[in-house]
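Written out below as structure tokens is the structure these notes cover.
Quick caveat: nothing in here was measured; it's all calculated off a predicted structure. Numbering starts at 1 and runs along the sequence shown. All values below come from the heavy atoms of this structure, side chains included, with hydrogens, waters and symmetry mates left out.
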Amino acid sequence: MAPDPGEAFSGGYGTRFISNPTSFDTPVVNLSSDGIQFNTGNNFFNRAWVAEGNSASAGLGPTFNTSSCQNCHAGDGRGAPPDSGSLFGSVGILIRLSKVGVSDPTTGGPVGLDSFGLQLNHKGIGCTSPLSYDSNFNCIGSTGPNFTPPEGNVSVSYTGTTVVRNYTSGGTVTLNTPIYSFNWNVNFGGAPSSFHFSPRTAPIIPGLGLLEAIPESTILGWADPTDSNADGISGKVNMVWDAKNQKKVLGRFGWKANEPNLFQQNQGAFLGDIGITSPLFPTDNCPTNQTQCSAAASGTVDPEITASIAESVNFYTKLVAVPARRNLSDQDVIDGKTIFLSIKCDACHKPLVLTGNVPGLPELSYQYIKPYTDLLLHDMGPELADGRPDFDADGQEWRTPPLWGLGLIQQVNGHLKLMHDGRANGIEEAILWHGGEADAARTGFQNLSLTDRQKLIKFLESL
């Protein structure tokens, strides 16, 4: 099988032919609309926000996970958990929280914990710099204005159960399941009696506008929730809450497709991750029992970012270029793609998609792209389950992640921690973690010879 015409152009005509540590951090080649707005959005994406005060960058917190978008998406790339230990000094992974057995009667989404909300914020404003706390989450040294303690902290280890995968041709790979332990701030009520949690790493930024440009009809056309064609794949749409239009719509962003569009995804991250209020979410993220948080939040006028800033960041995240495919003429890469198709990986990782019309943005409109995703939810089996429902996604379902840029993550971010929580050390482990609807494809991989497995991985590294 020879490369398809135009196969190198993973992101359509906006594809950037670049292969170095800046591969995820450039505008689309065909940017014609507004380079100034792109750069403005980039500046706010990179901005380090500070606590309440007179600075133009004020608004951080009262509780938060990090002070900048760029911290989690370094180089517009992918975040990762620590090898082990506390998440406090780590960026690129956060912990979603919710009550057990409850969903919001209006939105249908998860309900946050009374004392800790929908996301554990493990940092708070006001301590002397650098931020430091004792084991009770009190500041070490003098406290600053509007001191708000963190909600708690989480540690990860990989000493729990293991999953063993065998190859037909010989050889075994042992996969280590992450174990998370929580240290809750007793001032907020301490450990909840029951809760759901879901660790989620920061994804890469390139191509988000193109994913948003995939017509809803295309995604619905791939869905087969009852597996009517009996192929073992039953992709499902996640219907989620559109906060601006106050109705349920198709979700397509986030590890469970729990966000409907970039406008909401970005402003939700501003609030949840950094503690910045915005036009869409103008109220500080202070759960019921956090009186210090509520008091500290009364400083800077809300919303802390203007509609103009929110729109610039939205514009920026839509138009970051997808890097081109590499090594297309390498016979192993060509063979690897054939193998990818033969074991049906493309049942979920769709190789070729045509975007629709995006008013005002010809850069994203009618582009043949190669995202390798269907944006649908799939049951990935009990070994990957987080047990936390998220709108229509149950505890075993995850959205198919795009694969473009996969082979450049190591170069950009210096690691290759994959899957929703970064548990997989590289592409081979990521494939072997697949279960549920992906059992057959994973078994197909395990049945390959060593040479063919290497070819398949080489193909994935070319994306």
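If you check the side chains of Q292 and N187, you find no donor sitting under 3.5 Å from an acceptor. Under the 3.5 Å distance criterion, with hydrogens and angles disregarded, a donor-acceptor pair is assigned to the side chains of E151 and Q290. Side-chain atoms of D114 and T288 include no donor-acceptor pair closer than 3.5 Å. In summary, the side chains of N314 and Q267 do not present any donor paired with an acceptor at a separation below 3.5 Å, with no hydrogens or angles considered. Checking S10 against R325 by side-chain atom types alone, no donor-acceptor pair falls below 3.5 Å.
The cationic atom of K123 (NZ for Lys, CZ for Arg) lies less than 6.0 Å from the six-membered ring centre of F88 and within 45° of the ring axis.
In terms of modelled atom types and a separation under 3.5 Å, the side chain of S198 and the main chain of R96 share no donor-acceptor contact. Within the 3.5 Å criterion, the main-chain N or O of P203 finds a donor-acceptor partner in the side chain of H73. Judged purely by atom type and a 3.5 angstrom limit, T162 has no side-chain atom pairing as donor or acceptor with the backbone of T174.
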Quick one: side chains of residues 102-111, donor-acceptor pairs under 3.5 Å with protein atoms, not counting sequence neighbours, listed by atom name and distance.
| residue | atom | partner | partner atom | Å |
| --- | --- | --- | --- | --- |
| D104 | OD1 | T106 | N | 2.7 |
| D104 | OD1 | T107 | N | 3.0 |
| T107 | OG1 | G109 | N | 3.0 |

Donor-acceptor contacts, no H, no angles, side chain residues 353-365, under 3.5 Å, sequence neighbours left out:
| residue | atom | partner | partner atom | Å |
| --- | --- | --- | --- | --- |
| T355 | OG1 | L364 | O | 2.8 |
| T355 | OG1 | Y366 | N | 3.0 |
| T355 | OG1 | Q367 | N | 2.7 |
| E363 | OE1 | S33 | OG | 3.2 |
| E363 | OE2 | S32 | N | 2.9 |
| E363 | OE2 | S32 | OG | 3.4 |
| E363 | OE2 | S33 | N | 2.9 |
| E363 | OE2 | S33 | OG | 2.6 |
| S365 | OG | V358 | N | 2.8 |
| S365 | OG | V358 | O | 3.3 |
| S365 | OG | L361 | O | 3.0 |

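Expressed to the nearest 0.5 Å, how far SG of C69 lies from CG of D273 amounts to 8.0 Å.
The two residues H415 and R78 have their closest heavy-atom pair at NE2-O, 3.0 Å. Taking both residues in full, the closest heavy atoms of T63 and N285 are given as OG1-O, 4.1 Å, listed atom of the first, atom of the second, then distance. In terms of heavy atoms, L120 sits closest to F116 at CD1-CD2, 4.4 Å. Scanning all heavy atoms of the two residues, the minimum distance from L113 to S194 falls at CD2-O, 4.4 Å. Here the closest heavy-atom approach between residue F24 and residue I204 is recorded as CE1-CG2, 3.7 Å. For the pair A321 and P27, the tightest heavy-atom approach, listed with the atom from each and the gap, is CB-O, 3.5 Å.
When the shell of 6.0 Å around OH of Y368 is examined, it contains 12 or fewer heavy atoms from other residues, nucleotides or ligands.
Under the 4.5 Å side-chain criterion, counting only non-hydrogen atoms from C-beta, L175 is in contact with V173. Within the 4.5 Å cutoff, side-chain heavy atoms of L406 are placed close to those of L418. Residues W404 and L211 are in side-chain contact: their nearest non-hydrogen atoms beyond the backbone lie under 4.5 Å apart.
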### Query
Could you go step by step and tell me if D83 and K417 meet the salt bridge (Lys or Arg N to Asp or Glu O under 4.0 Å) rule?
CA-CA 10 Å; D83 290 335; K417 299 282 191 179; 3.4 Å; yes
#### Entry: Step-by-step ring pair (Phe, Tyr, Trp, His ring centres under 6.0 Å) determination, F270 to F45
CA-CA 10 Å; F270 264 115; F45 190 88; 8.6 Å; no
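Identified under the salt bridge (charged side-chain N to carboxylate O under 4.0 Å, His left out) test for residues 379-398, with sequence neighbours left out: R165-E383, R200-D390, K236-E397, K256-D386, R388-D390.
Between Y316 and the options T40, N39, N42, a side-chain hydrogen bond (donor to acceptor under 3.5 Å, both in side chains) holds for only N42.
Under the 30°/60° scheme for interplanar angles, the aromatic rings of W184 and F182 are found to lie parallel.
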